[in-house]
Amino acid sequence: MESQIIEIDIVDWKVPAPNDAWIAGVEAGKVLYFPHLPFTLLPEEQALLTPGIRDPKVRNISLDARGHLKGALGDTATQLALALMIGRFREQAQALVYSLLPKYQGALRLAPTSFRPTQVETRAQSWRADDRRLHVDAFPSRPNYGERILRVFCNLNPDGVPRVWRVGEPFETVAKKFVPRVKPYVPWQASVMKALHITKSYRSEYDHLMLQLHDGMKSDLEYQKSAEQVTMPFAAGSVWVCFSDQASHAVMSGQYMLEQTLHLPAAKQYDPSASPLAILTQLVGHPLI
Ligand SMILES: O=C(O)CCC(=O)C(=O)O
Ligand SMILES: [Fe+2]
């Protein structure tokens with residue numbers, strides 16, 4: 001299998017010039033890896049690196065698009081410091097993406113920024129929520145009609161502990177394996193789920209297929225073992241960027257990460273035909289949204 005990782009050795013949060021191979025690579029579902037791109041903490045921010053800062057009722061601490069902090073414990077000063085740290089990462093992540101992918105300017109929609117202080121290995125969860133299994137991202141309650149999920153991840157572990165991922169095979173390979181096994185799409189069920197507010201909007205056939213890929217991959221233990229994959233330790237002080245609705249990924253270990261999600265209409269890509277929407281549409285042979 002061709003490498004699914006492209007290393008880019010820069011030390012500032014912008015690339016000197018856009019690069020066609022990087023653009024085509026990330027739109028093909030590869031992971032852009034910046035091994036030497038630390039997020040610099042202010043001295044007073046070191047104290048924020050503790051798992052106890054997260055409200056146990058939520059999965060991650062997040063800063064929403066309006067700048068509201070959610071899921072953190074602690075006094076006002078702590079909450080303010082967290083919001084400032086996460087907000088600074090948000091700015092740097094966006095600057096990096098705009099330098100890498102200038103055509104996306106004006107087309108990206110900001111989603112929440114997350115801070116993940118919990119040690120991955122100690123998290124207990126159901127198989128469906130377990131990101132230690134290879135998967136592509138798909139969200140059950142939020143249909144997106146093919147809109148892309150672009151993510152910037154940053155390992156800010158202070159003790160040099162890497163965040164270890166597994167990165168799997170290309171999206172087309174995954175889709176060819178799992179699409180033949182999917183449960184059929186039932187439009188009236190999508191209507192019921194919307195009426196009951198199980199989904200925030202009507203679940204399209206595209207969203208159905210993406211969830212089926214997500215669940216199909218995670219529930220197949222043989223696939224988890226035998227699929228082509230590489231184990232990738234993302235170093236402390238590094239950044240990586242990928243379309244997480246396309247790059248097959250799993251997180252195995254690590255602690256302290258910042259993550260920015262940006263949404264992009266597939267039509268605004270450099271090559272819309274590389275999108276999961278285009279690949280799945282081609283595979284099933286009829287429109288999905
Ligand atoms: O926590 C991580 O490193 C990644 C988890 C994951 O699968 C995701 O955020 O989509
Ligand atoms: Fe994921």
Side-chain angles (χ1 to χ4, degrees), residues 4-5 26 29-35 37 39 49 51 53-54 58-64 70-71 86 89-90 93 97 110-142 144 147-157 161-171 174 178 207 210-220 223-224 227 229-264 276:
Q4 295 302 111
I5 317 280
V26 76
K30 295 182 189 232
V31 178
L32 303 182
Y33 177 39
F34 304 86
L37 196 51
F39 177 76
L49 298 190
I53 206 161
R54 177 183 60 95
V58 303
R59 193 165 151 131
N60 298 311
I61 294 172
S62 65
L63 188 70
D64 72 14
K70 292 183 185 155
I86 301 172
F89 168 70
R90 168 180 293 183
V97 165
L110 189 68
T113 316
S114 70
F115 173 47
R116 309 182 184 192
T118 309
Q119 192 182 13
V120 170
E121 302 92 300
T122 61
R123 252 176 4 201
Q125 52 222 158
S126 68
W127 67 265
R128 202 176 253 126
D130 189 357
D131 288 337
R132 287 173 294 195
R133 300 181 184 210
L134 284 169
H135 65 282
V136 289
D137 287 348
F139 305 114
S141 65
R142 283 172 282 143
N144 68 21
E147 194 178 44
R148 305 306 313 278
I149 304 169
L150 181 65
R151 290 185 144 172
V152 180
F153 300 91
C154 175
N155 180 357
L156 65 167
N157 189 286
V161 177
R163 197 168 191 93
V164 179
W165 274 27
R166 292 185 289 144
V167 176
E169 51 199 9
F171 184 82
V174 172
F178 287 94
D207 290 288
M210 290 298 289
L211 277 169
Q212 286 282 305
L213 295 189
H214 172 275
D215 291 359
M217 294 169 81
K218 279 190 175 175
S219 63
D220 186 339
Y223 178 76
Q224 291 292 324
Q229 56 192 281
V230 292
T231 295
M232 189 62 212
F234 293 113
S238 78
V239 168
W240 57 109
V241 176
C242 68
F243 279 110
S244 65
D245 52 356
Q246 182 178 16
S248 162
H249 62 283
V251 60
M252 306 317 291
S253 61
Q255 187 172 21
Y256 304 118
M257 183 174 76
L258 285 162
E259 170 270 333
Q260 177 66 55
T261 300
L262 297 157
H263 294 298
L264 178 81

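Order of listing sets the numbers, starting from 1, for every ligand and every atom in it.
The minimum heavy-atom distance linking D215 with W127 is given by the pair O-CZ3, 3.5 Å.
A side-chain donor-acceptor contact under 3.5 Å links S114 and R116. Between the side chains of T231 and Q229, no donor-acceptor pair of N or O atoms lies under 3.5 Å.
Partner of D137 under the salt bridge (Lys or Arg N to Asp or Glu O under 4.0 Å) criterion, chosen from R148, R151, R142, K218: R151.
Looking at N155, its side chain never comes within 3.5 Å of a backbone N or O of W240 through a donor-acceptor pair.
Within the coordination shell of the Fe ion (ligand 2), defined by N, O or S atoms under 2.8 Å, D131 is absent.
Atom NE2 of H249 and atom CZ of R133 lie 14.5 Å apart (nearest 0.5 Å).
Summary of contacts: the protein heavy atom closest to atom 3 (O) of ligand 1 is R163 NE, 2.6 Å. Among all protein heavy atoms, the one lying closest to atom 6 (C) of ligand 1 is D131 OD2, 3.5 Å. Atom 9 (O) of ligand 1 has R116 NH1, 2.9 Å as its closest protein atom, hydrogens excluded (heavy atom only).
Looking at W165 next to ligand 1, an N or O pair under 3.5 Å apart turns up.
Of the listed residues (R151, M257, E259, R132), the one carrying the non-hydrogen atom nearest atom 8 (C) of ligand 1 is R151.
With contacts defined as side-chain heavy-atom distances shorter than 4.5 Å, the pair M232/I5 qualifies.
Each of the following atoms of ligand 1 lies closer than 4.0 Å to a heavy atom of H249: 6 (C), 7 (O), 8 (C), 10 (O). Taking a cut-off of under 4.0 Å to the non-hydrogen atoms of H135, the atoms of ligand 1 that pass are 7 (O). Those atoms of ligand 1 that come under 4.0 Å of a heavy atom in D137, given as number and element, are 10 (O).
The NE2 atom of H249 and the NE2 atom of H135 subtend an angle of 90° at the Fe ion (ligand 2), given to the nearest 10 degrees.
Looking at D137 and the Fe ion (ligand 2) together, the shortest N, O or S contact belongs to OD1.
Classified by interplanar angle (parallel below 30°, tilted 30° to 60°, perpendicular above 60°), the ring pair H135/H214 is perpendicular.
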